[in-house]
Protein chains: 2
Amino acid sequence: MIATTPIPPYYAVIFTSVRKDEDPEYSEMSELMLELAKEQSGFLGVESAREDVGITVSYWRDTESIKNWKKHTDHFLAQKKGREQWYKLYKVRIAKVEREYGFGK
Amino acid sequence: MIATTPIPPYYAVIFTSVRKDEDPEYSEMSELMLELAKEQSGFLGVESAREDVGITVSYWRDTESIKNWKKHTDHFLAQKKGREQWYKLYKVRIAKVEREYGFGK
């Protein structure tokens, strides 16, 4: 649900997307990507929701972990179809989390 | 949908939340907050989706704009009920977007 992340600084990859029409393979691909992420060194957590737009925010220890993760996803997606086949449009933003606050557990 | 943002650096406020039970006033409050955000100096765009978890990412020119926006929301939410009344839990992360890439328009 809400990722439990360490005290900042750490990194966020904000992936926003609009999907193409329903593809039965999509959710399988999506789950595999998530499993792959969780195995990576430096992975801290992930949050995801989709309505008109899909937002997946994954959290990482540093830019090095993100670079390695990108290498894996590029390879994985190349085998699968490539991101352009699943999405009408998407945007990836790499951001350094500087502070955080919240409420509840 | 997907926010059109300038060339980095700029800032992202990642607001992740789990709501309490349905409250008819919630969507009104939520829309008003969005309108308020759009009026603020330094506001660049917003993306939002909710399933089990809600994710709203708003984009801002700098930390100063975010500080002003927080002042407004605190004031607004104090009048309304306060965030703790609407949400079971939430987390706010302030992050500096360092780079971005994407596909599609």
Side-chain angles (χ1 to χ4, degrees), chain A residues 1-20 30 44-60 62-63 66-67 70 73-74 77 82-105, chain B residues 1-20 30 44-60 62-63 66-67 70 73-74 77 82-105:
Chain A
M1 295 278 265
I2 295 191
T4 305
T5 38
I7 294 165
Y10 56 88
Y11 274 81
V13 176
I14 307 164
F15 176 68
T16 322
S17 64
V18 177
R19 284 183 57 186
K20 288 194 180 170
S30 177
L44 300 175
V46 66
E47 293 156 351
S48 198
R50 176 173 297 279
E51 285 183 297
D52 298 335
V53 70
I55 307 176
T56 299
V57 189
S58 56
Y59 300 101
W60 301 86
D62 48 31
T63 51
I66 294 172
K67 239 175 266 172
K70 187 175 186 309
T73 51
D74 285 351
L77 286 167
R83 216 158 231 167
E84 286 74 5
Q85 297 296 316
W86 302 100
Y87 298 109
K88 242 186 232 153
L89 62 165
Y90 66 81
K91 191 163 267 190
V92 180
R93 294 178 174 96
I94 318 288
K96 184 182 191 173
V97 179
E98 297 181 346
R99 52 197 196 84
E100 62 167 55
Y101 59 93
F103 164 82
K105 264 285 166 190
Chain B
M1 294 277 266
I2 293 191
T4 305
T5 39
I7 294 165
Y10 55 87
Y11 274 81
V13 177
I14 307 164
F15 176 67
T16 322
S17 64
V18 177
R19 285 182 56 187
K20 288 193 180 171
S30 177
L44 300 175
V46 66
E47 293 156 350
S48 197
R50 176 172 297 278
E51 285 183 300
D52 299 334
V53 70
I55 307 176
T56 298
V57 189
S58 57
Y59 299 100
W60 302 87
D62 48 31
T63 51
I66 294 172
K67 240 174 267 173
K70 186 175 186 313
T73 51
D74 285 351
L77 286 167
R83 216 158 232 172
E84 286 73 4
Q85 296 296 315
W86 302 101
Y87 298 109
K88 241 185 236 157
L89 63 165
Y90 67 81
K91 192 163 265 187
V92 181
R93 294 177 173 99
I94 319 288
K96 184 183 193 173
V97 178
E98 298 181 345
R99 53 197 195 83
E100 63 168 54
Y101 59 93
F103 164 82
K105 264 282 166 194

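Sequence lines set the chain letters: A, B, ... in the order given, protein chains first and strands last, and positions in each chain run from 1.
For B:Y11, the part lying near chain A is the side chain, with the backbone staying farther off; criterion is any non-hydrogen pair under 4.5 Å. Proximity to chain A involves both the backbone and the side chain of B:I55, based on heavy atoms less than 4.5 angstrom apart. Both the backbone and the side chain of A:T5 come within contact range of chain B, judged by heavy atoms closer than 4.5 Å. Of the atoms belonging to A:Y10, it is side-chain heavy atoms, and not backbone ones, that fall under 4.5 Å from chain B.
Smallest separation of non-hydrogen atoms from A:Y87 and B:F103: O-CE2, 3.6 Å. Considering every non-hydrogen atom in both B:I2 and A:Y90, the closest pair reads CD1-CA, 4.0 Å. Between A:A95 and B:V97, the shortest heavy-atom distance links the atoms CB-CA, 3.7 Å. Listed here is the closest heavy atom pair of B:S48 and A:V53: O-CG1, 3.4 Å.
The CG atom of A:D52 sits 5.5 Å away from atom CE of B:M1, with the distance rounded to the nearest 0.5 Å. The structure places CD of A:E98 at 8.5 Å from CD1 of B:I66, a figure rounded to the nearest 0.5 Å.
Per-residue counts of heavy-atom pairs under 4.5 Å with chain B were compared for A:T56, A:T63, A:I14; the largest is that of A:I14. Of the listed residues (A:A3, A:P9, A:G102, A:A49), the one with the most heavy-atom contacts under 4.5 Å to chain B is A:A49. The choice from B:K91, B:R93, B:E51, B:R83 that makes the most heavy-atom pairs within less than 4.5 Å of chain A is B:R93.
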